[in-house]
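Worksheet: the structure to be examined is printed underneath.
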Protein chains: 2
Amino acid sequence: MTLDEAWRILQENQFKRTKNRDTILQFFSNKDRYLTALEVKNFMADDNPGISFDTIYRNLTTFSELGILEETDLNGERNFRMQCDPGVHHHHFICTACGKTRSIPHCPMEMITVNLPDYEVEGHKFEIYGKCPLCVEK
Amino acid sequence: MTLDEAWRILQENQFKRTKNRDTILQFFSNKDRYLTALEVKNFMADDNPGISFDTIYRNLTTFSELGILEETDLNGERNFRMQCDPGVHHHHFICTACGKTRSIPHCPMEMITVNLPDYEVEGHKFEIYGKCPLCVEK
DNA sequence: CCTTGAAACAGGAATCATTCCGATTCACTC
DNA sequence: GAGTGAATCGGAATGATTCCTGTTTCAAGG
């Protein structure tokens, strides 16, 4: 997702345009990886060294709820990345060495839900972990 | 997995037979659900009110490493359950209302790894969340 | 521009799960 | 039944995340 798309969504939902939100979104743009609140904070060091975690988490949560960011739990920590393809359901391979991700278009749900009659499916999580080609070389 | 199987594995690996381990394993036996360290502690209240979280986590981690328990992260918390079918790869449906799980024999990996040439796959996570038939009724 | 109310923010305290650490106790071996 | 390393206890420490309260900033209207 581009920054313009993100801001369009934010403004459609009556969120104000602030410097912090701008910087946070810029940090995520063009990165194909999951990032933590701490990494956001470190990136903000130049721009706004005093930013509070409250502000970071509040905005990350907002972005995630609006579908601007994708969120996942990695080792018990919240991780976020720019929504790579809004509206198109997908999953990720995540490199455990460098953190890079690779989109996986397949979704295992279709062939499986048939076997869960009377169950009310609300969501699912499918992630593959390992080393990306670049990290395998090393 | 039965308690006897669990103890066989523990003794094969030179772990001592202690009261705490016994009580913890009993708590997990015959439960088809994921449980937290806190739930273990509450269960121990009768038997050993003063048990420390250190002891609980140390043992849960040991059990998990030995394949006696299965472990997963749910909302950033470590959750454990008795290994339901040792050696047989499977996944779970997890009820978000009552916590009960249901084994899913299918694994999506076979049909997908083909699309990850040069990637070194180390693991994966696949879980389905929703309401079980009993909780749907309510 | 200037005002103004609501949204956003800073800073620090509080919370919650988990881990670490030093001192003590226990399970197994001889 | 004594010795030894494993296991445990209790409490302090850590790290991520959230809460709280007073202050600042945004953007819409006059």
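Numbers restart at 1 for each chain; the letters A, B, ... are given by sequence-line order, proteins then strands.
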Spacing between Asp54(A) atom CG and dT15(C) atom C1', to the nearest angstrom: 14 Å
Under 4.0 Å between any heavy atoms, over every strand shown, what does Thr18(B) touch: base, sugar-phosphate, or nothing? Just pick one. sugar-phosphate
Would one find a side-chain N or O of Asn48(B) under 4.0 angstrom from OP1 or OP2 of dT8(D)? no
Compile the donor-acceptor pairs under 3.5 Å between side chains in residues 131-138 of chain B and protein atoms, sequence neighbours left out, one pair per line.
| unit_1 | atom_1 | unit_2 | atom_2 | d |
| --- | --- | --- | --- | --- |
| Lys131(B) | NZ | Glu122(A) | OE2 | 2.5 |
| Lys131(B) | NZ | Thr96(B) | OG1 | 3.2 |

Lys NZ or Arg CZ of Lys125(A) over Phe126(B) ring: under 6.0 Å, within 45°: no
Let me know the distance between CG of Asn59(A) and C1' of dA8(C), rounded to the nearest Å. 8 Å
Contacting residues from residues 61-81 of chain A, given that a heavy atom lies under 4.0 angstrom of DNA chain D: Glu77(A), Arg78(A)
Nearest heavy-atom pair of His91(A) and Cys107(A): which atoms, and what distance? NE2-SG, 3.5 Å
In a check of side chain to side chain contact (heavy atoms under 4.5 Å, CB included) between Arg81(A) and each of Thr101(A), Leu35(A), Ile94(A), which one passes? Thr101(A)
Exceeds 12 heavy-atom contacts within 6.0 angstrom, atom CG of Asn13(B): yes
Mind checking if Arg21(B) touches a base, just sugar-phosphate, or nothing, with heavy atoms under 4.0 Å? sugar-phosphate
Going by heavy atoms closer than 4.0 Å, what residues in residues 37-46 of chain B are next to DNA chain C? none
Could you tell me how far apart Ile51(A) (CD1) and dT24(D) (P) are, to the nearest whole angstrom? 17 Å
Tyr119(A) ring center within less than 6.0 Å of Phe93(B) ring center: yes
Verify the contact: side-chain N or O of Arg58(B) to OP1 or OP2 of dT19(C), cut-off strictly under 4.0 Å; return yes or no. no
Length of the CZ-P vector between Arg17(B) and dA27(C), whole Å: 12 Å
Is the ring pair Phe27(B)/Phe43(B) parallel, tilted or perpendicular, if the boundaries are 30 and 60 degrees? parallel
By nearest-heavy-atom nucleotide on DNA chain D, the more 5' of Gln14(B) and Ser52(B) is Gln14(B)
5' priority, DNA chain C, between Lys19(A) and Lys19(B) [closest heavy atom]: Lys19(A)
Which residue, Asn20(B) or Lys16(B), contacts DNA chain D at a nucleotide closer to its 5' end, judged by nearest heavy atom? Lys16(B)
Whole angstroms only, please: what is the CG-P distance between Asn13(A) and dA8(C)? 11 Å
Specify the separation, in whole Å, of atom CG of Leu10(A) and atom P of dA7(C). 15 Å
Measure from CG on Asp22(A) to C1' on dA7(C) and round the result to the nearest Å. 17 Å
Without hydrogens or angle criteria, can the side chains of Asp47(A) and Thr23(A) be said to hold a donor-acceptor pair below 3.5 Å? yes
Write down the distance between CD1 (Ile56(A)) and C1' (dA8(C)), rounded to a whole number of angstrom. 14 Å
Would you say the ring centers of His106(A) and His89(A) fall short of 6.0 Å from each other? no
